[in-house]
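Within every chain, numbering begins at 1; the chains are lettered A, B, ... in the order of the sequence lines, protein sequences first and strands thereafter.
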Protein chains: 2
Amino acid sequence: MAKSNAPITEHLAYLLAQANREINRQLELRLSKEGVPVEQWRILKVLSDGDGHSMGDLADAVLLNHPTLTKMIDRMVSDALVYRVQDPNDRRKVLMFISDRGKVLCKKLNSLAVDQEEHILESYGDKSTSELKRLLESLIDSSN
Amino acid sequence: MAKSNAPITEHLAYLLAQANREINRQLELRLSKEGVPVEQWRILKVLSDGDGHSMGDLADAVLLNHPTLTKMIDRMVSDALVYRVQDPNDRRKVLMFISDRGKVLCKKLNSLAVDQEEHILESYGDKSTSELKRLLESLIDSSN
DNA sequence: CTTCAATTGTTGAATATTCAATATTTTCAA
DNA sequence: TTGAAAATATTGAATATTCAACAATTGAAG
C-alpha cells in the first residue's frame, strides 16, 4: 500500500515534472541561440516529413492544445517558417506544411538538439538513457 | 553518433514531456475533485513538515518560479490554506506555514494522489514503476 | 562605520495560455 | 434530400505566467 505521507519527491508525477523541467530548460537554452521556443522546433520537426498535417494531428503530436497551436502557427506563418493549405478532401481541415526557410532553420535546430542528447549520453550514460526511454514509452503506452 | 533526422518521438526531451503531460493530466483530474491545482498540492505537501519555508526554497521545491509562486501563495492565503511570517533572523525572507485548514485539505489530496499512484502501479507494474523512479532520480542528479 | 554589491520577495506591464463560444464543413439518420 | 449532430479550426475574453524593475534587508570590503 502506498503511503500518503510520503515526501513529494517520491511521487512519480513529481519526478517526471522535475526531470522534464530540467531537460527542457537545457534544450531551451540551446535553441535560444536561434531564438526559437521548444514547441516551434517540435512543430518544424513533425512537418519535416513533407506531408501535410492537420491542426488537430499536429496539436496531438507537439503536445499543445488547439488554440495555443493556432496562435503559435500564426506567428510561424508570419515568420514564413510554415504555411497553411486548405485540405481539398475535407474543407474543415487545414493542412500545415514546412517552408524552405523552415527546413533550413529546422536543420540548425536539429543539430543543437543532437548536441544536447549527446551531452546527456555523456553524463548520464548510454545504458541508462536507452533504458529510461524504453520505460517512458511503455508508461505512455500503458496510459492509453 | 545521434542522428539529427530521428523522429521527435525518439528524443528523451519529448518522451519526458509526453509522459509528464499524461501523468499530470491524470493527477489534475483527481485533484479537481477538491478544486485544487497540482501546484497547490505540492505546496501544501512541502509545508506539511510544519517547518517554515522561505519563498525561494519553496519555489525550488515545487518547481515554480518566484513571481508565479508569489501570486499562487496570495490566493492560498486568501483561502486560509497557508500563512506568511517574516523570518526573524533575516527580514528579507518570508517563512511560509501551512494552516490547520490547509492540513485538512492536504490529507484529502494525499489520498487522491495515492489513488493515482496505485492506479499506475496496477497498469504499469511494480517493477517498472520503481525502476523508472530510480532512473529519473539519477537523471536529475546527473543534471546538476 | 559606511557604502556598495548581493540576496530576497513583490509588483506591474507584456506576453502567453486556456475556456467557452463561434463558424464552417462533413456525416449520417430519418 | 434534409436537418441535426459531430468534427475541425479559430476567435475573444478571462486567466495565468513571465520578464524586468523595484524595495527592503543583509553582507562585506574598504
Q: In whole angstrom, give the distance that lies between atom CG of A:D90 and atom P of D:dA7.
A: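 Between P of D:dA7 and CG of A:D90: 12 Å.
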
Q: In Å, rounded to the nearest 0.5 Å, how long is the span from CE of B:M72 to OG1 of B:T68?
A: 8.0 Å

Q: If you compare all heavy atoms of B:H53 against all heavy atoms of B:D51, which two are closest, and at what distance to 0.1 Å?
A: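 Between these two residues, the closest heavy atoms are CD2-O, 3.3 Å.
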
Q: Answer yes if the side chains of A:Q26 and A:E22 hold a donor-acceptor pair under 3.5 Å, and no otherwise.
A: yes

Q: Can you confirm whether the side chains of A:S138 and A:D141 place a donor and an acceptor under 3.5 Å from each other?
A: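 Note: A:S138 and A:D141 side chains miss the donor-acceptor criterion.
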
Q: Taking NZ, NE, NH1 and NH2 as the nitrogens, is one of them in A:D57 or A:K93 under 4.0 Å from a carboxylate oxygen of the other?
A: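 The answer is no: the pair does not qualify as a salt bridge.
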
Q: Are A:V36 and A:I98 connected into the same hydrophobic cluster when the rule is that any two of I, L, V, M, F, W, Y join if their side-chain heavy atoms are below 4.5 Å apart?
A: yes

Q: Evaluate the side-chain proximity of B:L109 to B:E34: yes if any heavy-atom separation is below 4.5 Å, no if none is.
A: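 Of all side-chain heavy-atom pairs linking B:L109 with B:E34, at least one is under 4.5 Å.
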
Q: In this structure, would A:L69 and A:L44 fall into the same cluster of hydrophobic residues linked by side-chain contacts under 4.5 Å?
A: yes

Q: Please determine whether a side-chain nitrogen of the Lys or Arg among A:R134 and A:E131 lies less than 4.0 Å from a carboxylate oxygen of the Asp or Glu.
A: yes

Q: Salt-bridged, B:K133 to B:E117, with N to O below 4.0 Å?
A: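 Counted as a salt bridge, because a side-chain N and a carboxylate O are separated by less than 4.0 Å.
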
Q: For residues 107-116 of chain B, which residue pairs pass the salt bridge (charged side-chain N to carboxylate O under 4.0 Å, His left out) check, not counting sequence neighbours?
A: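 Applying salt bridge (charged side-chain N to carboxylate O under 4.0 Å, His left out) to every pair that reaches into residues 107-116 of chain B, excluding sequence neighbours, yields B:R30-B:D115.
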
Q: Have a look at the helix from C:dC1-D:dG30 to C:dA30-D:dT1 and give the angle its two end axes make, five pairs each, rounded to 10 degrees.
A: 20°

Q: Measure across B:I8 and A:W41 and return the closest heavy-atom pair with its distance rounded to 0.1 Å.
A: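 So the minimum-distance heavy-atom pair works out to CD1-CZ3, 4.0 Å.
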
Q: Between B:E28 and B:R25 (salt bridge meaning N to carboxylate O under 4.0 Å), is one present in this structure?
A: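 Salt bridge between B:E28 and B:R25, a charged N being under 4.0 Å from a carboxylate O: no.
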
Q: Which ones in residues 49-75 of chain A lie close to DNA chain D, meaning a heavy atom under 4.0 Å from one of its atoms?
A: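 Contacting residues: A:S54, A:M55, A:G56, A:H66, A:P67, A:T70, A:K71.
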
Q: Any protein N or O atoms within reach of nucleotides 1-6 of chain D? Criterion: under 3.5 Å, listing atom names and distances.
A:
none

Q: Can you list, in residue-number order, the parts of residues 29-42 of chain A that come under 4.0 Å of DNA chain C, counting heavy atoms only?
A: none

Q: Provide the start and end nucleotides, 5' to 3', of the part of DNA chain C that has atoms under 4.0 Å from heavy atoms of chain B.
A: C:dT7 to C:dA13

Q: Determine whether A:V62 and A:L105 fall in the same hydrophobic cluster, where Ile, Leu, Val, Met, Phe, Trp and Tyr are linked whenever their side-chain heavy atoms lie under 4.5 Å apart.
A: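 Same cluster.
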
Q: Separation of A:D87 atom CG from D:dA7 atom P, in whole Å?
A: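 To the nearest whole Å, that distance equals 17 Å.
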
